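In what follows, chains carry the letters A, B, and so on, assigned in the order in which the sequence lines appear, proteins first and then strands, with residues in each chain numbered from 1. Since this is a predicted model, take the numbers as computed values, not measurements.
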Number of protein chains: 2
Amino acid sequence: MTVNSEPTPSSAGQPPARSRSANIRDVAKAAGVSHQTVSRVINGHPSLRESTRQRVLDAMEALQFRPNRAARSLVTSRSGMIGVLVTNGTYFGPASTRAAIESAASTAGYLVDTATLTSLEETAFKEALGRLVDHAVEGLIVLAPQEATLRQLAHLPVKLPMVTVHSTSAADDHGLSVDQVAGARLATRHLLELGHRSIAHVAGPDGWVESNERIRGFRTEMANWGLDSSWIVTGDWTSDSGFRIGQDLLAADPPTAVFSSNDQMALGLMHAYGDRGLRVPEDISIVGFDDVPDARHFAPPLTTVRQDFDELGRRCVAHLLTQLGVPVQNAPRTVVPELIVRRSTAAPS
Amino acid sequence: MTVNSEPTPSSAGQPPARSRSANIRDVAKAAGVSHQTVSRVINGHPSLRESTRQRVLDAMEALQFRPNRAARSLVTSRSGMIGVLVTNGTYFGPASTRAAIESAASTAGYLVDTATLTSLEETAFKEALGRLVDHAVEGLIVLAPQEATLRQLAHLPVKLPMVTVHSTSAADDHGLSVDQVAGARLATRHLLELGHRSIAHVAGPDGWVESNERIRGFRTEMANWGLDSSWIVTGDWTSDSGFRIGQDLLAADPPTAVFSSNDQMALGLMHAYGDRGLRVPEDISIVGFDDVPDARHFAPPLTTVRQDFDELGRRCVAHLLTQLGVPVQNAPRTVVPELIVRRSTAAPS
DNA sequence: GTTTCCTGTGTGACCGTGAACAGTGAACCG
DNA sequence: CGGTTCACTGTTCACGGTCACACAGGAAAC
């Protein structure tokens, strides 16, 4: 029984077939009440006689009524939409976080609007943000862990409830993050405790919050042990870059252990070493970061730091909803990562 | 110069500070024209005196006017939004496709609304679809390559321009796909041409379009060579399942080659073989599917079939926009995959 | 018995935009 | 020179909801 199907051309005298869908007044007429009463039913107004409510509900059912969100949004200036600003939606981390955000948002009755940042230019940023603002999103979640983005966000006059992920400092008033420093320290300490002293760090690209935080964690932990932490090489998150860096590290006197800022680059490193006949972990230990689902099947299975992206996504929505005045139980701002020890690390030979 | 910043409490006599943002009539008043003229400027109406247009544009600039989309959407019943229905947003394929969709949509001035399917139940499907419909998306892209979804889509009265990805047959009137059968045949033929005759296929889960299509391609090619194609084991796309299947395959008399329905499961397979001391490709050849960016750094680098997800995403939007009456140059419905030969395959010893 | 309050409902205005229609004046035409 | 056409602009209404307010009638309070 399709609503939109054309009724057979009806005999004269009947009102012409309505092509547009039923509105609140149609329902009102069908239920024999005023449109305002229908509105009250929709919005769960308390003082309504139960019989009236039921009559209206029946009419709504019969007419297949669905409230028009544009109209409601026009008058209430609430859209029921949350905007998400993403840069690299393809990576595992952001993708997982987004999935969790969407699921949590939809549970709360919100729809997620996504705008992808095509570049880090301010114009691209303004454009994407403007698009979301035009569509009247009620709040904003920023999954753009480049410092450039955060800086633009800070100085732009965005009057919008907002949550940023991977924010640079806990002092930030709308930041939410996995404690990258703690994670990096976990990874570094693991290598140190195994007895490694010659440790290199393959960092993520400049300008990414995670890169810097993990570098900071690496440095802090090394310093705690009285060791030099200047052996830092910069990659771009891809396994390709890890591969190239691995080759370079082998050219000179290689370290006995490497802490890679993500799992992909660790994979590339292992590939480079394998190509030269070196064995992991016998010849070199490697720790990754993220715990991508594949990491446990790398050759060898990768020791890494797990970030709970799902949890992060859920908390994003929770914090945003709190700002929007929706009652939800609030969660801590920081998610603590966890070291997963597998077979890519061992004591130096 | 923040628009929303509170002006200093102004002296009496001035009109009270307007908290809401400027609307079309405010602009009209400022420019000394009617609101309709402003509307015409916004919509690029042809017959407008240039001086008038400029005056209006200046007023819009001065008042920081942004058209209210809810109001426009109410009267035009066009929302400027495209709905995307996803099931597994975390996987590389869907994630890449989504990224391409978002970018293409935003180029065309559309915003992307995402609804994630939490289960394959019809209720979940209706709920997600209903959410998108409520928000008046103008068109729908379905990234839910389970047959259950496609079936529900087929029998549901969705009166909406729509594009489904990974559709089951070219006869479908709104389907768009990578030619999975051709890809699977490419992979299988590659193994056959290397001399393998004992070939197993690790399939994706039941009910997924890709699983079935690739099985079909495998069977077709094997049949062409007069070989039995009944050696099919079912995984769930994860490297974990590939690992388990790899162990099982080793229990009996293992095949000399395996065609895995995706790269993750191939990784799991390689892990299982490596654990038993078998070497790839000397002892067993493995072909994957997708060409995930990491595949070239697996140990050994994986021979696989590349799907151009970006292209797929772009074409989705192109086809949808065509249905929406937006002029775009149209693209073929089918994307042809490509065999990438690396080091995980060799002639049987 | 009147006043007050509360429950349940209706009336009319309004949100910001676009569409239909109307009006104005100048140019053009026969 | 009067009528027609055309470029340009204004007036009015509709879109589908919500909000502020009014109002009827019964219960409770005085």
Take the C1' atoms of the five end pairs on each side of the helix from dG1(C)-dC30(D) to dG30(C)-dC1(D), derive the two axes, and give their angle rounded to 10 degrees. 50°
Residue pair Leu143(B) / Leu85(B), side-chain heavy-atom distance below 4.5 Å: no
Provide the closest heavy-atom pair for Glu138(A) versus Tyr110(A) in the form atom of the first, atom of the second, distance. OE1-OH, 3.2 Å
What is the per-nucleotide protein-contact pattern of nucleotides 13-28 of chain D, from the 5' end, where B denotes a base atom under 4.0 Å from a protein heavy atom, S denotes such proximity for sugar-phosphate atoms only, and - denotes neither? --BBBBBB--------
Would you mind classifying the nucleic acid contact of Thr52(A) as base, sugar-phosphate or nothing, using non-hydrogen atoms under 4.0 angstrom? sugar-phosphate
Any sub-3.5 Å donor-acceptor pair from Ser103(B)'s side-chain atoms to Ala99(B)'s backbone N or O? no
Taking CZ from Arg55(A) and P from dG10(C), how many angstroms apart are they, rounded to a whole number? 8 Å
Distance check, rounded to the nearest 0.5 Å: Thr164(B) atom OG1 versus His319(B) atom NE2? 11.0 Å
Expressed as a whole number of angstroms, how long is the span from Asp26(B):CG to dG16(C):C1'? 10 Å
dG8(C) P sits how many Å from Glu50(A) CD, rounded? 10 Å
Test item: side-chain donor near acceptor, His45(A) and Ser47(A), under 3.5 Å: yes
Between dT17(C) atom P and Asp134(A) atom CG, what is the distance in whole Å? 11 Å
On the nucleotide dT7(C), are OP1 or OP2 found under 4.0 Å from the side-chain N or O atoms that Ser47(A) carries? no
Asn43(A) side chain to Arg40(A) main-chain N or O, any donor-acceptor pair under 3.5 Å? no
Return yes if some donor-acceptor pair links the side-chain N/O of Thr90(A) with the main-chain N/O of Ala95(B) below 3.5 Å, else return no. no
Please check this pair: side chain of Arg315(B) against backbone of Arg333(B), looking for a donor-acceptor N/O pair closer than 3.5 Å. no
